[in-house]
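Contents: one structure, followed by commentary.
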Number of protein chains: 2
Amino acid sequence: MAITIKDVAKKANVSIATVSRIVNNQSGYSSGTKEKVLKAIKELGYSPNALARGLVGQPTRTIGVLLPNVSSLFAGKLLEGIEDEAKENGYSVVVCNTGTQGLRAMGYLDMLNEKRVEGIIYGSGDMTKDQGDKLSALNIPVVMVATKPAYGHFPYVKVNDKKAAFDATRCLLDHGHTRIAFIGGQLEDPIAGRPRYEGFIQAMNERDLPIDESLIKFGDFSFNSGKEMMTEFVEEGASFTALFATSDEMAVGVLHAAYEKGIRVPDDLSVIGYDNTLASEMAIPPLTTVAQPLYEMGQKAFQRVIKTGATQIEMKHHMVERETVKSRRT
Amino acid sequence: MAITIKDVAKKANVSIATVSRIVNNQSGYSSGTKEKVLKAIKELGYSPNALARGLVGQPTRTIGVLLPNVSSLFAGKLLEGIEDEAKENGYSVVVCNTGTQGLRAMGYLDMLNEKRVEGIIYGSGDMTKDQGDKLSALNIPVVMVATKPAYGHFPYVKVNDKKAAFDATRCLLDHGHTRIAFIGGQLEDPIAGRPRYEGFIQAMNERDLPIDESLIKFGDFSFNSGKEMMTEFVEEGASFTALFATSDEMAVGVLHAAYEKGIRVPDDLSVIGYDNTLASEMAIPPLTTVAQPLYEMGQKAFQRVIKTGATQIEMKHHMVERETVKSRRT
DNA sequence: ATCATTTACGTAAACGTTTACGTAGATTCG
DNA sequence: CGAATCTACGTAAACGTTTACGTAAATGAT
């Protein structure tokens, strides 16, 4: 049924060792033999069995990638960078959708281990201690992307979230805003939650501006979350002329609620997002945001998972000024 | 170094066949033996080798998925449906980013064949004859999603694009619009291009409305493309009160250009998109669109690739009315 | 008590590939 | 010309797992 190396060897009248040498571009055969074998391969439609190769110790050239939501713009861009780089290096990518809470991660780790993947890229947000322990026990390279280990000592690729949030907040401050609302993620989240909040606080403190707790809310980074938070601000009668939302989707949600409430952006309210996904470009008005180089981060994560190297790869964020920020009217 | 079934057998004082039976939940062992073996497995941290299983004829439980752009909202949602359903069935998904023109597909097919994937889901837009031939030669199940075969006879999962476009156009007609602009994909594209155009034409013909060629343009489904096309319409002084763009991203691009030109949506211009991706929800105003059930299509494609069944799975599209359509002013 | 059936094992072979090592022939060098 | 080296092979074993088949012991039926 299946064509194997034995069939090729038989058809070309050589040994299976010779076929293997030819297929793998090793030395030790004549050009005449090579022609015979390649001809037989083509006629039979032989395709080497990667499973057998893996069994005799060859690399599987497969990595696993754990992402919280493959259909999000954020994760999609990471995945694109990972996959493009993997392809360039002859690797394939098993994608695992862990769900927003990462609850499905453990099952995936078992499966990836059985398939003997060469490494795992973990971009799944919150890591539990169980997950960290299990990742360590696998004894294969693990790299975290856009996050860093809550447990264990895995290398990671990320921006400086505190500094990025600091710069975003300072952008609003430089435009003269002093009453700035903030929508963050959960403070328990050590990457997207707390450091972005701290960056915001630090920028406000540097200008000796008081922190008004009624201008602080925490969401889940989704479009709907941003819409809800902004709606709550408005219903609570909160007074602010600018808002920093720590994801583009939340920021676009804010734009939505503002649109519905007749709040003009940027005339009445300046808004800054975080990530620079396609959502920021597609927003009306086009969203000013602090950019994480998601695609490049994905590439770097792949490079790191197949080679040893730095434990901390910090990528540069940068401000992308579009049309949602205006100086405060005096 | 690596813990194998032999190590477990030795530690538990049983044969490897017994360990295999226990690991695979077959019969033929006492409860005492089972305890001993499970204890040994746990202590040794044994994880079965899926490569070896595949070699002795067990299913690999792996499929390949070819998508044109994994970071697009469209493809992301398909992938999410595929991956969720695969996970539910104990399968893993190798994701392949073929690029917008599908130029990288052939290399992926070789790789997937070597890895002995059990099936391939092809959502990669245009298929060349070479690709179709190669897919056929693989002799494994292939299912196309959101597209259908240009070559070969592969089962597919899609909506009726002509009818969906017909309904979208009719929605505008029912709101009294008679001058309707159209932005489609390339007519050479047998799914996203020609049938959507035909649906538009059919709806116009049913109302005995003339087709004004100056109101027809073709883009590449991207946000930028929609923006450009709308900008061209405006610069050309085209006169229309409604527009149907055959992807959400192009429709949002249209909203952008309208925003920049001071054209009010939906007061001055009604707009309808196609897909119902997150982009339509995030648009300002929220975009009315004809929805493809992308997630469910992904699920169905997965189900179909691991089981035999219908050759044509037609999913229902439906209109999602948001806020970009208004009756024409008389 | 005897025979038939069932249960709980273990052995050996298969799966497709890679490669260390051995052999024969050809070529080169002293 | 003989010895050393190189080239072009082929053989056999390894890799980790599954399972068909055989055997011994236990159980159930007559």
>> Using OP1 and OP2 only, check whether a side-chain N or O of Ser20(A) sits under 4.0 Å from dT18(C).
In response: yes

> Base, sugar-phosphate, or nothing for Leu51(B), non-hydrogen atoms under 4.0 angstrom?
Replying inline: nothing

> What's the CD-P distance between Gln58(B) and dG16(C), to the nearest Å?
Replying inline: 14 Å

> Side chain of Glu85(A), backbone of Gln303(A): donor and acceptor closer than 3.5 Å?
Replying inline: no

> Between dG10(D), dG10(C), dT17(C), which nucleotide gets closest to the side-chain atoms of Ala17(B)?
Replying inline: dG10(C)

> So which one's nearest nucleotide on DNA chain C is more toward 5', Gly28(B) or Pro48(A)?
Replying inline: Gly28(B)

> Between Arg21(B) (CZ) and dT18(D) (P), how many Å, whole number?
Replying inline: 11 Å

>> Distance check needed: dA13(C) P versus Leu55(B) CG, whole Å only.
In response: 18 Å

> Could you give the CG-to-P distance, from Asp7(B) to dT17(D), as a whole number of Å?
Replying inline: 9 Å

> Does Thr4(A) or Ser27(B) map to a spot on DNA chain C nearer the 5' end, using the closest nucleotide for each?
Replying inline: Ser27(B)

>> Side-chain N or O of Thr18(A) versus OP1/OP2 of dG10(D): is the shortest distance under 4.0 Å?
In response: yes

>> Measure NZ/Lys10(A) against P/dG16(C) and give the value in whole Å, please.
In response: 14 Å

> The side chain of Val14(A) lies closest to which of these nucleotides: dG10(D), dT19(D), dC15(D)?
Replying inline: dG10(D)

> Under 6.0 Å between the ring centres of Tyr156(A) and Tyr122(A)?
Replying inline: no

>> I need the CZ-P distance between Arg53(B) and dC15(D), as an integer number of Å.
In response: 19 Å

>> Under 4.0 Å, heavy atoms only, any strand: does Thr33(B) hit a base, just the sugar-phosphate, or nothing?
In response: sugar-phosphate

> In whole angstroms, how far is the C1' atom of dG16(D) from the CD1 atom of Ile16(B)?
Replying inline: 8 Å

>> With a cut-off of less than 4.0 Å, is there a side-chain N or O of Asn24(B) near OP1 or OP2 of dT18(D)?
In response: yes

> So, Phe221(A) versus Phe74(A), ring centres under 6.0 angstrom or not?
Replying inline: no

> What's the OH-P distance between Tyr29(B) and dC9(C), to the nearest Å?
Replying inline: 10 Å

> Are Glu296(A) and Lys77(A) close enough for a salt bridge, meaning some N to O gap below 4.0 Å?
Replying inline: no

> Would you call Lys115(B)-Asp110(B) a salt bridge at under 4.0 Å N-O?
Replying inline: no

